[in-house]
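See structure below.
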Amino acid sequence: MYDDAVREYTRSSELGTVLKDVLAKTTEVYKKSGWKAYVQYNLDQLVENSPTQRFPPFMIATFYARLGRDDEAISWLEKGYEERDFRMTLLSVAFEVEALRSDPRYKELVRRMGLPE
C-alpha cells in the first residue's frame, strides 16, 4: 500500500507541516524510483539536509530499518537509548523495526530497557 502511504503523506501539506515543494520532490522520487528510494530520500532530508533541526534517534533508526540497513538502525537505536529518547518505549511494538526483532543486538536492547519482547 505504498501508493496510499505516499498519497496520505502528501496530503499533510494541507496542514502546513511540510513545505509543498518538499512534498512534490518526495512524490517525484517515489514515482520515478519506488519505495526504497522514497524512504532513502526522506532519510537524507532528516540526516543531511536539516542542519538546524535535530531529529530523534528513534525516528532516524526506523528509516534505516525500513531500508534494511540493520547496523545503522541498531546504532541509532543505541543513541536513542543513551539519550533517553522517549520514543524508545515503542521499541518492542513499533512496526517499523519489525525486521530487527531477530537481531541479537535488538533483543539485548529490549532486555536492557526492560520492555516485553
Side-chain angles (χ1 to χ4, degrees):
M1 297 178 60
Y2 297 137
D3 291 346
D4 294 339
V6 172
R7 187 172 34 259
E8 290 302 314
Y9 181 70
T10 302
R11 286 185 59 219
S12 68
S13 68
E14 296 170 9
L15 302 173
T17 57
V18 180
L19 298 174
K20 287 184 181 190
D21 60 329
V22 172
L23 287 171
K25 178 64 178 168
T26 59
T27 301
E28 177 185 334
V29 168
Y30 175 68
K31 286 179 180 176
K32 287 184 177 179
S33 304
W35 179 250
K36 282 206 171 190
Y38 177 81
V39 174
Q40 182 65 55
Y41 180 80
N42 281 291
L43 174 62
D44 293 345
Q45 296 304 302
L46 291 176
V47 176
E48 298 168 11
N49 298 326
S50 298
T52 58
Q53 188 174 9
R54 188 172 178 283
F55 290 91
F58 182 82
M59 184 175 164
I60 294 170
T62 64
F63 280 88
Y64 280 117
R66 284 180 266 181
L67 290 168
R69 295 170 58 184
D70 297 355
D71 292 339
E72 290 99 330
I74 295 290
S75 177
W76 279 97
L77 289 174
E78 286 290 347
K79 286 181 186 179
Y81 176 76
E82 292 167 9
E83 295 178 14
R84 298 179 185 258
D85 180 354
F86 74 89
R87 293 161 195 85
M88 291 295 292
T89 59
L90 302 172
L91 185 60
S92 63
V93 297
F95 72 90
E96 298 95 339
V97 295
E98 181 73 31
L100 299 174
R101 292 209 167 98
S102 62
D103 189 308
R105 299 169 296 176
Y106 170 88
K107 290 179 179 182
E108 173 59 20
L109 184 56
V110 169
R111 185 199 62 75
R112 276 187 281 147
M113 291 186 63
L115 297 171
E117 287 187 41

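Everything numeric in this text was worked out from a predicted model, so none of it was measured.
To the nearest 0.5 angstrom, F63 atom CZ is 10.5 Å from Q45 atom CD. In this structure, the separation between CG on D70 and CG on D103 is 6.0 Å, given to the nearest 0.5 Å. Note that the OH atom of Y38 and the CG atom of L67 stand 12.5 Å from one another [nearest 0.5 Å]. For the atom pair OH (Y64) and CG (D71), the distance works out to 11.5 Å, reported to the nearest 0.5 Å.
No chain of hydrophobic side-chain contacts below 4.5 Å, direct or via other Ile, Leu, Val, Met, Phe, Trp or Tyr residues, connects F58 to V47. Cluster annotation: M59 and V97 are assigned to distinct hydrophobic clusters (Ile/Leu/Val/Met/Phe/Trp/Tyr, side-chain heavy-atom contacts under 4.5 Å, transitive). Taking hydrophobic clusters as Ile, Leu, Val, Met, Phe, Trp and Tyr residues chained together by side-chain heavy-atom distances below 4.5 Å, Y81 does not share a cluster with W76. Linking ILVMFWY side-chain heavy atoms closer than 4.5 Å, directly or via other members, places L115 and L90 in a single hydrophobic cluster.
When the shell of 6.0 Å around CZ of R84 is examined, it contains 12 or fewer heavy atoms from other residues, nucleotides or ligands.
Closest approach of S92 and P116 over heavy atoms only: CB-O, 2.9 Å. Of all heavy-atom pairs spanning A65 and A73, the tightest one is N-CB, 3.7 Å. The shortest heavy-atom contact between M88 and M113 is O-CE, 3.3 Å.
Not counting sequence neighbours, the partners of R111 by the side chain to side chain contact (heavy atoms under 4.5 Å, CB included) test are E108. When the side chain to side chain contact (heavy atoms under 4.5 Å, CB included) test is applied to E96, the partners found at least two apart in sequence or on another chain are T62, R66, A94. By the side chain to side chain contact (heavy atoms under 4.5 Å, CB included) test, A99 pairs with no residue at all, sequence neighbours left out.
Put simply, the residue from V110, L77, L91, L109 that forms a side-chain contact (heavy atoms from CB on, under 4.5 Å) with L100 is L77.
Taking the charged nitrogens against the carboxylate oxygens, D85 and K79 have no contact shorter than 4.0 Å, which rules out a salt bridge.
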